[in-house]
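Here is the structure we will look at, set down as structure tokens.
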Amino acid sequence: MKSAFRWYGESDPIRLEHIRQIPGMRSIVSAVYDVPPGEVWPEESIQHIADACAAQGLVFDVVESIPVTEEIKLGLPERDRHIENYCENIRRCAKYGVKCITYNFMPVFDWTRTQLDRPSPDGSTSLVMYWEQLKGLDPLKDDIHLPGWDQSYSQQEVRELIRAYGELGEAGLWKNIEYFLKRVIPVAESCGAVMALHPDDPPYPIFGLPRVVTCEANLDRYLSIVDSPANSLCLCTGSLGCSAKNHIPAMVRKYSAKKRIAFMHLRNVKILEDGSFEESGHWTPAGSLDMNAIVKALVETGFEGWFRPDHGRMIWGETGKPGYGLYDRALGSAYLNGLIEANGGQIET
């Protein structure tokens, strides 16, 4: 399996020369961030990322993410143009060595948290989602700005999108997923690339928005729409794991054995009694997930894809993009390396 690290480009305070110092590090996960969703990425921008990584002895072979626009998710008039542009982005990324493309089908919001800097007793801070902090909020009436929400939308635009998804419903969303996959997966196949679907975060409805990438039954349904190795998963243990209904080690073992996991986001999360959750350090005792059992499942099923330490805490006085500091993610990477080695796995360098 291949160790990877997310990097947000040259504006990221985390430098590539520091990432390369993490033991076993091989791949960089990045994207072109200055092009609006639905438009085509310039080839020179993709090549620039690849060249910057290569100069540090790293490989840019995972994109996270090429956004799926609301026009595609809702089936609006611009859908076909956006899908064709999406396919062109797949071709261009593959031309410069990208093998795995991560994406999601979450309506409006990529992820939802209520706080980005919740202090822990040890002095670190982390991302949390507390139901108590959501109680009584109505985005159709109130002006709400929650972490993870796309700030490019006005409040009125958010309300219009929520109403549109309410009318679309889960059945309509599944229909639009099928439309998208049947056009995109053949392109990925022809380019030697894999599409890796990230689950909904959290994996249940928020404010009545339909969310379908939430559980084993729905993952089965998604993968069956186009039954191809190119239609695969970015299995995020923290996203699926913040629902106690999902048995993460068993899900990892199942989909890895089927060779339908391309990319693993490995992180721990602490589930609270009311279903709220706190992101934690990667160490198993820090949260609710058995990280060793997860890694053991990957090793025993011959997983050969990419993995990265996902959201970290802010520790040792570091400041920066919440969840994406250097220090705790580096600790997480080292911990995961140890679990892989202890279970008899190998990390490709």
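Remember, predicted model here, so these are calculated numbers, not experimental data. For this chain, numbers begin at 1 and follow the sequence in order.
A salt bridge links R308 with E64; the closest basic N to acidic carboxylate O contact falls under 4.0 Å. A salt bridge links K254 to D220: at least one charged side-chain nitrogen sits closer than 4.0 Å to a carboxylate oxygen. Remark: E279 engages R113 in a salt bridge, criterion side-chain N to carboxylate O under 4.0 Å. The existence of a salt bridge linking E71 and R79 is excluded, since no basic side-chain nitrogen approaches an acidic carboxylate oxygen closer than 4.0 Å. Here R163 does not pair with E160 in a salt bridge; the nearest charged N to carboxylate O distance is not below 4.0 Å.
With Y179 as the aromatic partner, R183 meets the cation-pi criteria of under 6.0 angstrom to the ring centre and within 45 degrees of the ring axis. The side-chain tip of R92 does not point at the ring of W41 from less than 6.0 angstrom away and within 45° of straight on. A cation-pi arrangement is found for R6 relative to Y324, the charged atom lying closer than 6.0 Å to the ring centre and inside a 45° cone about the ring normal.
Between the T301 side chain and the A297 main chain, a donor and an acceptor come within less than 3.5 Å of each other. For T284 (side chain) and M291 (main-chain N/O), a donor-acceptor pair under 3.5 Å exists by modelled atom type. Without hydrogens or angle criteria, N343 side chain to G345 main chain gives no donor-acceptor distance under 3.5 Å. R329 places a side-chain N or O within donor-acceptor distance of the main-chain N or O of G325, the cut-off being under 3.5 Å. A donor-acceptor distance shorter than 3.5 angstrom exists from the side chain of N231 to the backbone of V226, with no hydrogens or angles considered. Between the E88 side chain and the E84 main chain, no donor and acceptor come within less than 3.5 Å of each other.
Residue-environment remark: CD (Q346) stays at or below the threshold of 12 foreign heavy atoms within 6.0 Å. Within a 6.0 Å radius of CD in E341, other residues, nucleotides and ligands contribute 12 heavy atoms or fewer.
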Could you walk me through whether W283 and L331 satisfy the side-chain contact (heavy atoms from CB on, under 4.5 Å) test, starting with their C-alpha distance in whole Å, then the side-chain angles of each, then the deciding distance to 0.1 Å, before giving a yes or no?
CA-CA 9 Å; W283 189 42; L331 289 178; over 6 Å; no

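Relative orientation of the Y103 and Y222 rings is tilted, given thresholds of 30° and 60° on the angle between their planes.
Note: R267 CZ to S239 OG = 4.5 Å, rounded to the nearest 0.5 Å. A distance of 13.5 Å separates CG in L240 from NZ in K245, rounded to the nearest 0.5 Å.
Linking ILVMFWY side-chain heavy atoms closer than 4.5 Å, directly or via other members, places M25 and Y8 in two distinct hydrophobic clusters.
The only member of I261, D61, V29 that meets side chain to side chain contact (heavy atoms under 4.5 Å, CB included) when paired with W306 is D61.
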